[in-house]
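One-based numbering, in listed order, for ligands and for the atoms of each. Here, residue 1 is the first one in the sequence, and each next residue gets the next number. As the structure is a prediction and not an experimental result, all values here were calculated from the model.
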Amino acid sequence: MTKKVESYEYQAEIKKVLDVVIHSIYTNKDIFIRELISNAADALEKFRHISLVEKDFIDEDLPLEIKIELNEKSKTFTISDTGVGMTKEELIENLGTVAHSGSKEFIEKLAEQKNNEAKLIGQFGLGFYSAFMVSNKVRVFTRSYKKGSKGYIWTSDGISNYSISEEEGIARGTKIVVELKKDHEKYSEEFSVKGIIEEYSNFVSSPIFIDDKRINTVQAIWVKNKNEVKQKEYDEFYKFLTNSHSEPFYHLHTSSDAPIQMKTILFFPKENMEIFGFNRMEPGMNLYCNKVLIESKVKEILPDYLRFIKGVVDSEDLPLNISRETLQDSLIISKIRKFLTKRVISFLIDMAKKDEQKYLDFWKTFASFIKEGINSDFENREKLAKLLRFETSKTKADEKTSLEEYLKRAKEEQKEIYFLNGKNRQEIENSPYLESFIASDIEVIYLYEAIDDFTMSALSEYDKKKLVSADKSDIKIDKKDDDKKDDKDSKENYEKLIKWMEKLFDKDLEKVVLSDRLVNSPAIIVNPDDTMTQNMQKILKDAKGGMFPAGKKILEINPKHSLIKKLLVLVDNKKEEKLLTQITEQIYDNALFNAGMDLDKSRMVNRMNDILEYAINSK
Ligand code: ADP
Ligand code: MG
């Protein structure tokens, strides 16, 4: 009886992936073996879970294992597992489409640069297709664990189509037959394959057989003494855990007896996958009790903002029957979490002290996670703040400094730490908010990400010094005494002008005041709000579609600026009221613009034209 064979076309993204995989300069073809083992190991892990919570599944007596068969005659590499298997829908979904949301852009990048792909490909869930590096024909025999499931054969040449047909007599799990291309026939020889599998497979918790010989002894390197573990073993273990092909940035191997007995390896990766626009990383910690895996990717072991850290925790104090549900309320787990969080932070603080450059490499890639921590981890906020690095008005571009160093440089009288947000260094340096600080030799931290103000606001102070945005209204910068006398005189002179301006901007401004901070600019908008910077208000306003009511602002005018001095004269001259109004409105708009706030552009252009005409006529 001939079976019905249905043909499907790959999703466009998959075709691109396949094209990259097949034609790229992949030097290391070996990786396909790891990818397939990793998938088999995942499938077994998933099944092991399901078998604990569900009752209805097929082939319950099948042992949980991975088998590799090498056939030199037929030139095939075959790997089978007794894991979850796939239904027909899952075959189409998992092997015919890209599930990860950011993958499209990534694939495009991949196709362009063709250079880092080998180490990245596994982490983006494109692993299965690596089989097509060595094969023109891959067959997948699979049957889902679900009661009543049917068996299927999936076949493809890895170009544009795949087919699926139903098949009798398939047991639970998945078997993948890779027909090797002429140049890659060595993957059907035990001699070539064994070495590739050995190092890696020792971390797989299910048994792996090559042609019926068991090759892996499960190795729990974390229970060993640090001195007994070679760097290479750490690297291999990391690659296994993360399904990546690159070495970790750093690892931390510790054991402790109090407050609880536990052994841990924590890995810091080199890459930050979230930068590529991918989904949030999954938590990266696996939980063991006495070398038995209890649960992988446990979200309770480290706080969410440390999700980039990958590793294992093994504690004999844990009850073996602990389940996903009880993990949440486990006192032991919360102790582990507390302990490890502090350990990670103090480790990073230490690294920054000992090897600033190395720490800055880390900061460059993972800064956003530390900032996230400051926003969410109240308990460790102050310690995390030690990890912050910024450019400031006293560093060079691209040079970074810590809050601690900032305070060391500050004069003793300085009671606050100042920061200012802007798109880039140039924008901040041209900002009128900065000028008085520069004139008074007070350092200002430059923030380039919109979200940074929220971090500063969450932190609110460092070493008992308040963190203050430079656009805030009541900043007091110490001045020389003769300057102060000057101010007093001008106050009286300006009273009339200020009253007139306040009337003009009655709807928009809380008040108009004389500035004692401005140097070169005629006026600025300052923010009387104690909790939110102008930038934060703007973000909230944008996010809420303009519904967020920004508080009324204050206009500071610079009594020493010639433009403002001229206004003093105009305000006494009824005939010049139109010009006075237009210039004042323009000064106000310029200040709004500098504050990054919305202004009425069409009104401004008309007004500017009037002012230009006036200027040219007076020549
Ligand atoms: P990833 O493993 O990162 O998800 P892959 O390309 O390696 O990406 O695999 C794609 C998907 O195909 C897997 O997520 C899984 O759902 C399915 N899959 C692959 N191999 C197997 C297998 N041996 N058993 C069951 N499902 C599998
Ligand atoms: Mg995979």
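Within the 4.5 Å cutoff, no side-chain heavy atoms of Lys46 are placed close to those of His49.
Considering only residues two or more places apart in sequence or on other chains, Asp350 meets the salt bridge (Lys or Arg N to Asp or Glu O under 4.0 Å) condition with Lys354. Taking Ser192 as the reference, Lys186, Glu189 meet the side-chain contact (heavy atoms from CB on, under 4.5 Å) condition, with sequence neighbours excluded.
Residue contacts with ligand 1 leave out Glu35, since none of its heavy atoms falls under 4.0 Å from the ligand.
A donor-acceptor contact closer than 3.5 angstrom links the side chains of Asp30 and Tyr187. Side-chain contact of Asn375 with Thr455: a donor-acceptor pair under 3.5 Å is present, judged by distance alone.
Residue Thr174 approaches ligand 1 through these ligand atoms, each under 4.0 Å from one of its heavy atoms: 22 (C), 23 (N), 24 (N), 25 (C). For ligand 1 and Gly127, the ligand atoms under 4.0 Å from any heavy atom of the residue are 5 (P), 6 (O), 7 (O). Atoms of ligand 1 lying under 4.0 Å from any heavy atom of Leu95, numbered from 1 in the order shown and given with element: 12 (O).
Taking only non-hydrogen atoms, the option from Asn94, Asn39, Ile79 nearest to atom 7 (O) of ligand 1 is Asn39. The option with the heavy atom closest to atom 21 (C) of ligand 1, from among Met86, Glu93, Lys46, Glu90, is Met86. For atom 6 (O) of ligand 1, the choice among Phe47, Phe128, Tyr145 with the nearest heavy atom turns out to be Phe128.
Looking at ligand 1, you won't find any N or O of Asp42 less than 3.5 Å from one of its N or O atoms.
Contacts of Ile176 with ligand 1, taken as heavy-atom pairs under 4.0 Å, are absent altogether.
Contact annotation: Asn39 places an N, O or S atom under 2.8 Å from the Mg ion (ligand 2).
Salt bridge absent: Glu167 and Lys150 never bring a charged side-chain N and a carboxylate O closer than 4.0 Å.
With a 6.0 Å radius and a threshold of 12 heavy atoms from other residues, nucleotides or ligands, Lys67 has its NZ atom at or below the threshold.
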